[in-house]
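The first residue of the sequence shown is numbered 1, and numbering continues consecutively from there. Just so it is clear, the model here is predicted, and its values are computed rather than measured.
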Amino acid sequence: MMHNIHSRVMALHLSPFILEPDLKQCMEMLAKQYEEYLGYLEIGFDALQAREKAELEDLLKFKTAYHAWKAHQATQKLLHA
């Protein structure tokens, strides 16, 4: 019984590290969607149409994609500095 509880506690403690690659992939996908949104704006779509085309209609998803894109941009600047 004690071993089972210990395993559960360890799983809860380690879970952020286990999920990190998935979270990183998710943030990369969101950053790409925001980049796609910017591309649509650049070629003349209005903001609403661009969000729709980039599948960012949901406000929370749009905001998260923006922040993921900003973080990606900051990382790129550090890598190329």
Side-chain angles (χ1 to χ4, degrees):
M1 176 86 173
M2 190 60 148
H3 177 69
N4 192 19
I5 292 172
H6 179 71
S7 296
R8 288 181 183 178
V9 170
M10 288 304 293
L12 288 173
H13 178 71
L14 295 175
S15 63
F17 301 108
I18 293 168
L19 294 175
E20 189 173 315
D22 290 336
L23 180 59
K24 185 177 178 183
Q25 182 183 7
C26 180
M27 295 304 284
E28 287 171 357
M29 289 173 53
L30 285 167
K32 286 179 184 178
Q33 281 183 280
Y34 192 82
E35 212 166 272
E36 186 179 334
Y37 162 78
L38 293 176
Y40 284 120
L41 288 178
E42 195 172 306
I43 61 172
F45 284 82
D46 68 38
L48 211 53
Q49 290 173 322
R51 281 179 59 180
E52 187 178 303
K53 287 280 198 188
E55 298 179 4
L56 293 172
E57 301 95 342
D58 179 79
L59 185 58
L60 181 58
K61 186 177 178 183
F62 179 74
K63 287 179 178 182
T64 306
Y66 168 76
H67 290 290
W69 177 79
K70 286 294 278 186
H72 181 74
Q73 296 298 309
T75 301
Q76 294 304 310
K77 281 184 182 179
L78 288 174
L79 291 175
H80 297 299

Set of side-chain contact (heavy atoms from CB on, under 4.5 Å) partners for Q73, sequence neighbours left out:
E35, W69

Can you measure from CD (Q25) to CG (L30) and round to the nearest 0.5 angstrom?
11.0 Å

N/O donor to acceptor pairs below 3.5 angstrom from side-chain atoms of residues 46-53, sequence neighbours left out:
unit_1	atom_1	unit_2	atom_2	d
D46	OD1	L48	N	3.1
D46	OD1	Q49	N	2.8
Q49	OE1	D46	N	3.3
R51	NE	L56	O	3.1
R51	NH2	L56	O	3.4
R51	NH2	E57	O	2.8

Applying ring-ring contact (aromatic ring centres under 6.0 Å, His included) to Y66 and not counting sequence neighbours gives Y34

Got a sec, which hydrophobics cluster with L60, joining ILVMFWY side chains under 4.5 Å apart, including via others?
none

Mind checking the NE2-CE spacing from H72 to M27? Nearest 0.5 Å is all I need.
11.5 Å

Tell me whether L38 is reachable from F62 by hopping between hydrophobic residues (I, L, V, M, F, W, Y) whose side-chain heavy atoms are closer than 4.5 Å.
yes

Please go through F45's hydrophobic cluster and name the other residues, only I, L, V, M, F, W, Y counting, with side-chain heavy atoms under 4.5 Å joining them.
Y40, I43

Are the side chains of T64 and K61 in touch, meaning some heavy atoms are under 4.5 Å apart?
no

